[in-house]
Amino acid sequence: FHYIVSNKWMRTNYGKALRKFIQQYQIKSIIDFGDLQVFEEATTYPCLFQLQKKGIDSTFIASEIGNLEFDSLEAVLKRDQFEVEQKMLMNEGWTLVTKDQQYLIRKLEESNKQLDGFIEGEVYRGVLTGLNEAFVIDEETRKKLIKDDSKSDKLIKPYLRGRDIKRYEEPKTDNYLIFTRRGVNIDDYPAIEEHLKKFKAQLEPRPKNVASSEWEGRKPGSYKWYEIQDTVEYYKEFDRPKIMYQVFQVAPGFTYDTNGAFSNNSIWIMPNADKSLLGILNSKLGWFFISTYCTEIRNGYQLIYKYLKNIPIASEQSKNKKIESLVDQILNAKDEEPEADTSELEEEIDQLVYELYGLSDEEIGIVEESVD
């Protein structure tokens, strides 16, 4: 069986049953074109998939095509193909990596906790307001609302967008969120009420019996017109020191916030996470894990937590303390000068992370060849 098909089934939840079915037979080859636009008339994520109706007894040939600038696909395959151990593919999601990478990943999984267990808590997404135009304000509007009513300050929070999140830089912003969560008595905040009234028609939740085409306001829900659309029951977690990251990354881009910043829904937060974890996630080995477990997008990866949570995290107190100390040095340097060159400190973290996981020189070579 030889077929052109989307590659998405290899990692997504909806592809799990298909992956399980295929594992009854021998895969002959998978040629993955990633997000390259092979077909001019359609946006696709194609792969060439070859399956043979016999039991699994060997490896299969895989290749990931990096670009379409070639004269002969056959020549590219001969040059770049590698073997994958089929029996080591997990039903939770397939990643096309060499046998050496597969064995390294399996070793690290068996000897370390998953991220989900390491942080001993939840990971949360940023706030979905339903109408940013009303709830997201600038510095001038913030000052005016507080001048008109000093109590307004209680509901106004620093607010970050995706572009505000930069690797190791404590995020700063000139934007703010009017966080009128569920249960807020708007009568206690007259200046904010007056501001939101300008958008009342657009903020009203749509009755369920009214078509969206006939309604100017937000989607149906139990929220009041002046409230944030999502329940955001975890809002207190934003006030805590936390790791913050964008869901879409083309390079490691984790940072640390101590200013109680809120964010939009393209950013996720890890409260109760120490700075050694920040160093691991921003390291070369961290990116190796992300490229292994997370879904590929154009030039990068989508860090959906149900995949990210499987990353193995090592913990040895003495090395973690050293990593944390180096992370503090980088954060301080970036706070003083965002463009500061911290590459030497980051290289030290890379080496400490390798030591933390007990990697040999050969295994470090596997990681670095993969992420370069």
Side-chain angles (χ1 to χ4, degrees), residues 108 111-126 158 160 162 164-173 234 236-247 249 251-263 267-290 293-294 301 303 305 308-359 367 371:
L108 296 177
S111 57
N112 298 291
K113 280 185 176 182
Q114 290 183 331
L115 173 63
D116 199 37
F118 180 83
I119 61 175
E120 297 180 350
E122 296 290 333
V123 169
Y124 304 99
R125 77 168 185 178
L160 302 171
D164 299 317
I165 302 297
K166 297 180 176 66
R167 177 186 174 97
Y168 283 125
E169 289 184 36
E170 178 133 4
K172 296 178 175 63
T173 180
Y234 48 86
K236 291 181 180 178
E237 304 296 338
F238 287 99
D239 291 327
R240 301 170 64 182
K242 56 191 178 290
I243 291 175
M244 305 186 79
Y245 65 95
Q246 284 196 73
V247 171
Q249 292 192 16
F254 297 84
T255 193
Y256 205 76
D257 174 66
T258 57
N259 295 319
F262 282 53
S263 68
I267 297 170
W268 286 66
I269 67 170
M270 295 182 190
N272 196 32
D274 63 37
K275 292 176 184 174
S276 67
L277 178 59
L278 178 63
I280 292 170
L281 293 172
N282 273 334
S283 72
K284 287 181 178 178
L285 184 58
W287 190 244
F288 173 75
F289 288 143
I290 288 167
Y293 291 90
C294 295
Y301 297 91
L303 278 61
Y305 189 62
L308 184 68
K309 71 179 183 179
N310 297 314
I311 287 178
I313 301 296
S315 178
E316 183 185 315
Q317 195 64 22
S318 60
K319 289 188 174 67
N320 280 53
K321 289 292 183 185
K322 290 179 182 176
I323 293 171
E324 191 168 336
S325 174
L326 290 169
V327 168
D328 274 327
Q329 291 178 56
I330 295 173
L331 291 172
N332 291 335
K334 293 288 188 182
D335 188 50
E336 292 178 12
E337 174 49 61
E339 301 301 320
D341 181 4
T342 58
S343 56
E344 288 188 11
L345 293 169
E346 293 181 45
E347 287 173 11
E348 285 188 58
I349 290 175
D350 287 335
Q351 295 306 312
L352 273 173
V353 171
Y354 292 146
E355 291 177 25
L356 179 64
Y357 283 82
L359 267 60
V367 172
V371 299

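Predicted model, so just to flag it, every value in this text is computed and none were measured.
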About how many Å separate [atom2] of [Y] and [atom1] of [X], when rounded to the nearest 0.5 Å?
X: S283; Y: D350; atom1: OG; atom2: CG; result: 5.5 Å
X: I313; Y: D116; atom1: CD1; atom2: CG; result: 11.0 Å
X: E355; Y: I323; atom1: CD; atom2: CD1; result: 9.0 Å
X: I330; Y: S343; atom1: CD1; atom2: OG; result: 9.5 Å
X: K113; Y: I119; atom1: NZ; atom2: CD1; result: 11.5 Å
X: K322; Y: L326; atom1: NZ; atom2: CG; result: 9.5 Å

### Query
Sub-3.5 Å donor-acceptor pair from the side chain of Y234 to the main-chain atoms of R125, do we have one?
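Side chain of Y234 to backbone of R125, a donor-acceptor pair under 3.5 Å: yes, one is there.
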### Task
Keeping the roles fixed (side chain from N259, backbone from A261), state whether a donor-acceptor pair exists under 3.5 Å.
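No.
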Exercise: identify the closest heavy-atom pair between [X] and [Y]:
X: I280; Y: A314; answer: CD1-O, 4.1 Å
X: E122; Y: P271; answer: O-CD, 3.5 Å
X: V367; Y: K284; answer: CG1-O, 4.1 Å
X: K334; Y: T342; answer: CE-OG1, 3.6 Å
X: K309; Y: Q114; answer: O-CB, 3.5 Å
X: I165; Y: Y245; answer: CG2-CA, 4.3 Å

### Query
Any idea how F238 and F262 line up, ring-wise: parallel (<30°), tilted (30 to 60°), or perpendicular (>60°)?
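Aromatic pair F238/F262 classed parallel.
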### Query
For the residue pair W287 and Y301, does the interplanar ring angle fall in the parallel (under 30°), tilted (30 to 60°) or perpendicular (over 60°) class?
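The rings of W287 and Y301 stand perpendicular, inter-plane angle above 60°.
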Any side-chain heavy-atom pair of [X] and [Y] under 4.5 Å:
X: L359; Y: L108; value: yes
X: I267; Y: V247; value: no
X: E169; Y: L331; value: no
X: W268; Y: M244; value: no
X: M270; Y: F118; value: no
X: F254; Y: L303; value: yes
X: I349; Y: V327; value: yes
X: I290; Y: I311; value: yes

### Basic-acidic side-chain contact under 4.0 Å: R167, E346
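Counted as a salt bridge, because a side-chain N and a carboxylate O are separated by less than 4.0 Å.
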### Message
So that I can tick it off, tell me whether K172 and D335 are bridged by a salt bridge, with the cut-off set at under 4.0 angstrom between side-chain N and carboxylate O.
### Response
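Looking at D335 and K172, the cut-off is met.
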### Query
Going through the checks in order, is the side chain to side chain contact (heavy atoms under 4.5 Å, CB included) test met by I243 and L277?
CA-CA 9 Å; I243 291 175; L277 178 59; 4.0 Å; yes
### Message
Please determine whether side chain to side chain donor-acceptor pair (under 3.5 Å) holds for the pair E170 and T255, giving the CA-CA distance in whole Å, both sets of side-chain angles, and the decisive distance to 0.1 Å.
### Response
CA-CA 6 Å; E170 178 133 4; T255 193; over 6 Å; no
#### Entry: Pair F288 and Y357, ring centroids less than 6.0 Å apart
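No; Y357 has its ring centre 6.0 Å or more from that of F288.
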### Query
Can you name the side chain to side chain contact (heavy atoms under 4.5 Å, CB included) partners of D164, sequence neighbours left out?
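Partners of D164 by the side chain to side chain contact (heavy atoms under 4.5 Å, CB included) criterion, ordered by chain and then number, come out as L160, R161, T173.
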#### Entry: Enclosure of E337 CD (heavy-atom neighbours >12, cutoff 6.0 Å)
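Yes - once you tally the heavy atoms of other residues, nucleotides and ligands closer than 6.0 Å, there are more than 12.
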